[in-house]
Amino acid sequence: EEPPEPKLKLLYFNIPAKGEPIRWLCAHAGLPLEDYRFANFEEFAAMKKSGELRFGQVPALVVDGGTQIVQTAAILRYLARLKPSSGLYPNDALEASLVDALMDQVADAFTGV
């Protein structure tokens with residue numbers, strides 16, 4: 001059974017980068033997403049300075065107008081769990097750990113050595 005769909009709002013820059021996998025997953029899974037893109041860097045900086053962004057980071061996913069989730073992999077895992085019928089994230093804990101390991105490996109590949 002699918003959980004009820006929350007209202008989802010992505011906060012990110014007007015570039016693909018780390019926001020794009022989130023946009024793709026929502027499109028693939030049929031999850032409605034408000035795709036908010038900062039008008040400029042100054043808007044982002046002001047939100048960061050005000051403390052409006054959790055850990056001062058984006059991408060950030062605002063759920064139901066309140067809770068903010070940051071970190072691309074955490075956002076992707078959350079979204080995939082919202083749509084079990086999509087097959088994007090396993091229910092089985094062992095299978096899920098293999099998906100998690102792959103996602104973490106991809107993240108490691110993009111970090112400096």
Side-chain angles (χ1 to χ4, degrees):
E1 179 178 315
E2 306 275 332
E5 289 181 6
K7 181 179 175 192
L8 304 170
K9 180 178 181 179
L10 175 65
L11 305 175
Y12 200 61
F13 301 103
N14 192 22
I15 58 173
K18 292 184 176 189
E20 203 65 8
I22 297 163
R23 295 177 186 119
W24 289 344
L25 188 147
C26 287
H28 176 77
L31 289 167
L33 176 70
E34 181 185 345
D35 187 7
Y36 183 83
R37 300 180 190 215
F38 299 117
N40 50 46
F41 183 79
E42 290 73 25
E43 180 184 9
F44 162 74
M47 288 179 75
K48 180 177 178 174
K49 184 177 180 181
S50 74
E52 191 174 343
L53 297 173
R54 183 174 291 227
F55 308 125
Q57 295 180 337
V58 293
L61 184 72
V62 181
V63 180
D64 287 333
T67 302
Q68 250 185 58
I69 304 170
V70 295
Q71 297 293 333
T72 303
I75 293 169
L76 291 171
R77 288 178 182 115
Y78 168 74
L79 293 171
R81 286 182 180 121
L82 287 178
K83 283 285 192 170
S85 63
S86 71
L88 293 170
Y89 197 82
N91 289 327
D92 178 80
L94 183 58
E95 289 178 11
S97 72
L98 298 174
V99 171
D100 292 345
L102 180 60
M103 290 179 70
D104 293 344
Q105 183 63 38
V106 170
D108 287 351
F110 287 98
T111 59
V113 180

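Numbers here are sequence positions counted from 1.
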- [ ] Compare all side-chain heavy atoms of Phe38 with those of Leu11 and state whether any distance is below 4.5 angstrom.
- [x] yes
Task: Distance, nearest 0.5 Å, that separates CG of Asp100 from CD of Gln105 - done: 13.0 Å
Open item on the list: Among Arg23, Glu34, Arg37, exactly one meets side chain to side chain contact (heavy atoms under 4.5 Å, CB included) together with Leu10. Which residue is that?
Closed with: Arg23
Open item on the list: Side-chain heavy atoms nearer than 4.5 Å, only ILVMFWY residues, links allowed to pass through others: does that put Leu33 and Ile15 together?
Closed with: yes
TODO: Report whether Leu8 and Leu53 are members of the same hydrophobic cluster (ILVMFWY, side-chain heavy atoms less than 4.5 Å apart, transitive linking).
DONE: yes
Open item on the list: Using a 3.5 Å distance criterion without hydrogens, assess whether the side chain of Tyr12 forms a donor-acceptor pair with backbone atoms of Lys18.
Closed with: yes
TODO: Measure the CD1-CG distance between Ile22 and Asp35 for me, rounded to the nearest 0.5 Å.
DONE: 9.5 Å
Open item on the list: Ignoring hydrogens, what is the shortest heavy-atom contact between Leu94 and Asp92? Give both atom names and the distance.
Closed with: N-OD2, 3.1 Å
Enumerate donor-acceptor pairs with a distance under 3.5 Å from any side-chain N or O in residues 78-85 to protein atoms, sequence neighbours excluded.
| residue | atom | partner | partner atom | Å |
| --- | --- | --- | --- | --- |
| Arg81 | NH2 | Tyr89 | OH | 3.1 |
| Lys83 | NZ | Glu5 | OE2 | 3.1 |
| Ser85 | OG | Glu2 | OE2 | 2.5 |

Open item on the list: With rounding to the nearest 0.5 angstrom, report the CG to SG distance, Leu76 to Cys26.
Closed with: 8.5 Å
In residues 59-68, what donor-acceptor pairs under 3.5 Å come from side-chain atoms, sequence neighbours left out?
| residue | atom | partner | partner atom | Å |
| --- | --- | --- | --- | --- |
| Asp64 | OD1 | Lys7 | N | 2.7 |
| Gln68 | OE1 | Arg54 | N | 2.9 |
| Gln68 | NE2 | Glu52 | O | 2.7 |

Open item on the list: Minimum heavy-atom separation for Ser86 and Ala29, please, with both atom names.
Closed with: CB-CB, 4.3 Å
Task: Min side-chain heavy-atom separation Val99-Glu95 under 4.5 Å - done: no
Task: Within 6.0 angstrom of Asn91 CG, more than 12 heavy atoms from elsewhere - done: no
TODO: Look at the side-chain heavy atoms of Ile, Leu, Val, Met, Phe, Trp and Tyr, link any pair under 4.5 Å apart, and say whether Val58 and Tyr36 land in one connected group.
DONE: yes
